[in-house]
Protein chains: 2
Amino acid sequence: MSDVVELPDEGATTGLSPAVTGAGVQSVDRALGILEVLARTGESGVTELAVELGVHKSTAFRLVATLEAHRLVEQTSDRGRYRLGMGILRLAGATTARLDLVQEARPISRQLAADTGETVNIAVLAESSALYLDQVAGSSALQPHNWVGQHIPLHATSNGKVLLSGLDEPDLDAALGKLASYTPHTITGRAKFRDELARVREQGYAVAVDELEIGLTAVAAPIRNAHGDVVASMSVSGPSFRLPEDRVGEVVRLVVTAAVEVSHRLGWGHR
Amino acid sequence: MSDVVELPDEGATTGLSPAVTGAGVQSVDRALGILEVLARTGESGVTELAVELGVHKSTAFRLVATLEAHRLVEQTSDRGRYRLGMGILRLAGATTARLDLVQEARPISRQLAADTGETVNIAVLAESSALYLDQVAGSSALQPHNWVGQHIPLHATSNGKVLLSGLDEPDLDAALGKLASYTPHTITGRAKFRDELARVREQGYAVAVDELEIGLTAVAAPIRNAHGDVVASMSVSGPSFRLPEDRVGEVVRLVVTAAVEVSHRLGWGHR
DNA sequence: GACTGCGTTCCGTCGAGCGCAACAGATTCT
DNA sequence: AGAATCTGTTGCGCTCGACGGAACGCAGTC
């Protein structure tokens, strides 16, 4: 696959902002571009979309109509603007259910939740924020799992620290924006935060106490793939009064063990 | 726009599962077909996908490569099979965030969660299962919202009953599969379940105690759009020991009030 | 080592998707 | 009220982009 698409004499490209254009099948590319635009704007009209993509109205309409037939977009009224539809949600359900990370981790998460009595989360890195893939609640009955999409700050959570600790310098710089302060305990100094990451890398786990929210304590450990890369993070979190300092040590041990077990299932340290 | 798409002579479709061949832009249609196949199978190779769509290998490859460029699919290894990717999750996050149902309901959900101290959910009907759109946790810190997709049985949950109560006979038959038993309290008799639905319709709310899981109690009420159709369901759920019979009455009142308030915001019983 | 499967790439052809232009409602401006 | 101008929507020819065929490179397997 060539990333470069050379169009020697194609002068017609409206020159606006290509933004989303990846290479591939043109019409599909454009259709997916529409989805991304809608994800960004929340709601757009056909004309608007056409401008954004640099194509003719009718083209945009045909694409959006096709997306609509598959329920990936829907229009507000019979002759109105378009937005993302429920089809996306069904696909997302299938996605988390099948991501083998989640599938492999599920039983171990359950066990960990049972052992600690606290909530277990699995998170991955997604463009300068953490994306939660799975959750198993500690004790309360039927806390359904599988949620998505919330942007979680990376520098104020144990999961975030672990995920960042797996990056090299250039990627780290890119992923790390400004270090917003959520509580007096949030680490906001860049140098100090790098020290923290070094510590996380060294000891193989991260802890966050009152850093995102007063009264919230979390412990996280890295999940690695067959190549040893940090692909996800597994955490145990709960109210600080249930996770006092002298209990953190034990929880750390459990989380690290669980994360290592998942890593093994993903092929890490393969015989 | 016609909802009916009848292609009587489409003989090329391998006869297996026709998927959703809606009319539109061919290549986009096929690409989205790939997403749906992957959602169903969880993981497929290029050749497999090509057979399923009735196209040539190379065509399927180009389509899947385009999807991959947008992160909607990813391959297991460098030269392996394909599965749905995280791009879907990002889109899903944007979807729920923008659905005006969720947006309108959010503040009311919060209030309801605060009033009851229990977890509040918003669910919609999605092809013979319930789809959770939003969640607000009762008390615990940092319960992020926005999850999706898990297939929740309709007949063993308060949300499911409410959603089913909004259907007419033919749709109900279609949506209702076999009534699996989850606990001794699950309603499995068809006649008995219809009686239950009648009761739900009449009283305007549904209750489920120990029907999906022992120790889990839930109460739900319908959310209606401007036409009065039941478009979603709002529920409060928690451990049965915190929601004893004598407290259910109060919770019912709160849930119904909240659901009516959301319905009003959606235009129901306008002015 | 031949064979058979896979995902991937290149290439010439042809039909599918494109832009154009016209249509039909809604809204706004005069 | 009427016109001007938005909007989304639809036929229609032309052309370029997507398609299928075939070949390639790599892994297992007999």
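These numbers were taken from a predicted model, which means no experiment stands behind them. Just so it is clear: chains get the letters A, B, ... in the order the sequence lines come, proteins before strands, and each one is counted from 1.
- Between A:Arg30 atom CZ and C:dG17 atom P the separation is 12 Å, expressed in whole Å.
- Atom NZ of A:Lys57 and atom P of D:dT9 are 10 Å apart (whole Å).
- Nucleotides of DNA chain D nearest to A:Val64 and B:Thr59 differ in position, and the one nearer the 5' end is that of A:Val64.
- Remark: B:Ser27 is in phosphate contact with C:dG17, judged by side-chain N or O atoms under 4.0 Å from OP1 or OP2.
- With rounding to whole Å, A:Glu68 atom CD is found 11 Å from D:dT10 atom P.
- Look at A:Arg62 and you won't find any side-chain N or O under 4.0 angstrom from OP1 or OP2 of D:dT9.
- Between A:His56 atom NE2 and D:dT7 atom P the separation is 13 Å, expressed in whole Å.
- A salt bridge does not link A:Arg40 to A:Glu36: none of the charged side-chain nitrogens sits closer than 4.0 Å to a carboxylate oxygen.
- For A:Tyr82 and D:dT7, the shortest distance from a side-chain N or O to OP1 or OP2 is not below 4.0 Å.
- With sequence neighbours excluded, no residue forms a salt bridge (Lys or Arg N to Asp or Glu O under 4.0 Å) with B:Glu68.
- Distance B:Leu53 CG to D:dA18 C1': 15 Å, rounded to the nearest Å.
- Within 4.0 Å of A:Ser58, counting heavy atoms only, lies at least one base atom of the nucleic acid.
- With contacts defined as side-chain heavy-atom distances shorter than 4.5 Å, the pair A:Ser27/B:Ser27 qualifies.
- A straight line from CG of B:Leu49 to P of C:dG5 spans 18 Å, rounded to a whole angstrom.
- Computed from coordinates, the A:Phe61 CZ to D:dC6 C1' distance equals 17 Å when rounded to whole Å.
- Whole-Å rounding puts the A:Arg81 CZ to C:dA26 P distance at 17 Å.
- Partners of B:Glu169 according to the side-chain hydrogen bond (donor to acceptor under 3.5 Å, both in side chains) rule, which considers only residues two or more places apart in sequence or in another chain, are B:Arg194.
- An OP1 or OP2 oxygen of D:dT15 is reached within less than 4.0 angstrom by no side-chain nitrogen or oxygen of A:Gln26.
- The side chain of B:Gln75 places an N or O atom within less than 4.0 Å of a non-bridging phosphate oxygen (OP1 or OP2) of C:dT8.
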>> Walk me through whether A:Ser158 and A:Ser235 qualify under side-chain hydrogen bond (donor to acceptor under 3.5 Å, both in side chains).
In response: CA-CA 7 Å; A:Ser158 58; A:Ser235 71; 4.9 Å; no

